[in-house]
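Have a look at the structure below, then the notes.
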There are 2 protein chains.
Amino acid sequence: MQQAITIGSVSQASGVKVPTIRYYEQIGLLPAPSRTEGNRRSYDHRDLERLTFIRHSRELGFEIDEIRTLLTLHDRPDQSCEDADAIASKHLVDVKQKIASLTALQHELERMVEGCSHGRVETCKVIDILADHGKCRFHGE
Amino acid sequence: MQQAITIGSVSQASGVKVPTIRYYEQIGLLPAPSRTEGNRRSYDHRDLERLTFIRHSRELGFEIDEIRTLLTLHDRPDQSCEDADAIASKHLVDVKQKIASLTALQHELERMVEGCSHGRVETCKVIDILADHGKCRFHGE
DNA sequence: CTTGCTCCTCTAGTCGCTAGAGGATGTACG
DNA sequence: CGTACATCCTCTAGCGACTAGAGGAGCAAG
């Protein structure tokens, strides 16, 4: 029998909030743990590992469905890691894309803010650029 | 009387999808237009301008509530543009933050993908780094 | 007159949680 | 042993910004 950890402790240790843990159980991302006599969830070391894996993956921006796949792979160390590689690579492409887009956006916002007359709206670059798409140099996404 | 534009045309011209236009009307971002005899929405040039302003603002990542304020400012050109400037500046800070965070993330993902053995999960850096937070260099927002 | 497109309203679903109600259980202290 | 308080339980509803789909009406062309 493993040591029993309460949901509060596993929350603290993993950095995942209590309601979020219950939510993960509900959507089948985290297996439903055993219960104590008083009906409380009782986690063990493996659950904590799994939760940490999930939190870390979420921090890195992976979607729940991707994490589902990554977790399955994690559980089967003898399989090919092709899928994991594909998920991470695809994600990397997305992230690079997003950075490029946000950088263009940053320049446009800088142009807006720097060009602001700090006077009346009439002569304000912020509103001006928003109103007239032709004046904007940002065409990202 | 202004020229009447159908929701389909105003959608095409503004680049905002038809259901989204109706949604904007519902949440009070776009004023409810007049209707034809057959109960169809009838837009004019000013509506198109407003929608374009909204789409452009959304593309630049502003939230609906921010756009509400920006639109009000746009409608009152004699007011101070202090508020618009504040919204754009705050947004700029957020964007910069996001870029920094995503760049850190990019490096971590690159490390994962480059370190992938392309073999079995057992020796895969992707899964390895996800499983062990200590091996990760990304601690961003 | 019929085909097929656009339009209408309405409800419900998406994602990844978060908030709150209303109640049971567990623990620390006097 | 009682009581206060923290933590837990389930359940439902809400967030933002849409998107999807049902079921029906209107309209223009052939």
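Small disclaimer: the values here were computed from a predicted structure and weren't measured. For the numbers below, each heavy atom of this structure counts, side chains included, while hydrogens, waters and symmetry mates do not. Note on naming: letters A, B, ... go to the chains in the order of the sequence lines (proteins, then strands), and numbering restarts at 1 for each one.
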side-chain hydrogen bond (donor to acceptor under 3.5 Å, both in side chains) contacts touching residues 17-33 of chain B (sequence neighbours left out):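 Of all non-adjacent pairs touching residues 17-33 of chain B, those that pass side-chain hydrogen bond (donor to acceptor under 3.5 Å, both in side chains) are B:Glu25-B:Arg41.
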Set of side-chain hydrogen bond (donor to acceptor under 3.5 Å, both in side chains) partners for [X], sequence neighbours left out:
X	value
A:Asp65	A:Arg68
A:Glu108	A:Arg111
B:Asp75	B:Arg50
A:Lys90	A:Asp94

5' precedence on DNA chain D between B:Asn39 and A:Arg41 (nearest-nucleotide basis):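 Its nucleotide being nearer the 5' end, the pick is A:Arg41.
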Rounded distance [0.5 Å steps], CG in A:Leu51 versus CG in A:Leu30: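 It comes to 5.0 Å.
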Could you state the [atom1]-[atom2] distance from [X] to [N], rounded to the nearest angstrom?
X	N	atom1	atom2	value
B:Gln12	C:dC7	CD	C1'	15 Å
A:Leu30	C:dG16	CG	P	16 Å
A:Arg35	C:dG26	CZ	C1'	16 Å
B:Glu37	D:dG26	CD	P	11 Å

Under 3.5 Å, side-chain donor or acceptor atoms of residues 120-132 of chain B against the rest of the protein: list the pairs with distances, not counting sequence neighbours.
{"from": "B:Arg120", "atom 1": "NH1", "to": "B:Glu122", "atom 2": "OE1", "distance (Å)": "2.6"}
{"from": "B:Thr123", "atom 1": "OG1", "to": "B:Ser117", "atom 2": "OG", "distance (Å)": "3.1"}
{"from": "B:Thr123", "atom 1": "OG1", "to": "B:Arg120", "atom 2": "O", "distance (Å)": "3.3"}
{"from": "B:Asp128", "atom 1": "OD1", "to": "B:Lys135", "atom 2": "NZ", "distance (Å)": "2.9"}
{"from": "B:Asp128", "atom 1": "OD2", "to": "B:Lys135", "atom 2": "NZ", "distance (Å)": "3.4"}
{"from": "B:Asp132", "atom 1": "OD1", "to": "B:Gly134", "atom 2": "N", "distance (Å)": "2.9"}

Pairwise ring-ring contact (aromatic ring centres under 6.0 Å, His included) hits with a residue in residues 74-108 of chain B, at least two apart: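 Qualifying pairs: B:Phe53-B:His74, B:Phe62-B:His91.
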Among C:dT18, C:dC7, C:dT9, the nucleotide that comes nearest once only the side chain of B:Val18 is considered: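 Among the listed nucleotides, the one closest to the side chain of B:Val18 is C:dC7.
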Expected list for residues 5-13 of chain A: side-chain donor-acceptor pairs under 3.5 angstrom, two or more places apart:
{"from": "A:Thr6", "atom 1": "OG1", "to": "A:Ser9", "atom 2": "N", "distance (Å)": "3.2"}
{"from": "A:Thr6", "atom 1": "OG1", "to": "A:Ser9", "atom 2": "OG", "distance (Å)": "2.9"}
{"from": "A:Ser11", "atom 1": "OG", "to": "A:Val16", "atom 2": "O", "distance (Å)": "2.7"}

N-O pairing of B:Arg58 and B:Glu66 below 4.0 Å: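 The answer is no: the pair does not qualify as a salt bridge.
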Can you give me the N/O atom pairs linking the protein to nucleotides 11-18 of chain D at distances under 3.5 Å, or say none if there are none?
{"from": "D:dC18", "atom 1": "OP2", "to": "B:Tyr24", "atom 2": "OH", "distance (Å)": "2.7"}
{"from": "D:dC18", "atom 1": "OP2", "to": "B:Arg58", "atom 2": "NE", "distance (Å)": "2.9"}

Any residue of residues 67-75 of chain A with a heavy atom less than 4.0 Å from an atom of DNA chain D: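 Under 4.0 Å from DNA chain D: no residue of residues 67-75 of chain A.
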Check nucleotides 3-7 of chain D for protein N or O atoms closer than 3.5 Å to its own N or O atoms and list the pairs.
{"from": "D:dT7", "atom 1": "O2", "to": "A:Arg40", "atom 2": "NH2", "distance (Å)": "3.3"}

For B:Glu49, salt bridge (Lys or Arg N to Asp or Glu O under 4.0 Å) partners two or more places apart: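 Applying salt bridge (Lys or Arg N to Asp or Glu O under 4.0 Å) to B:Glu49 gives none.
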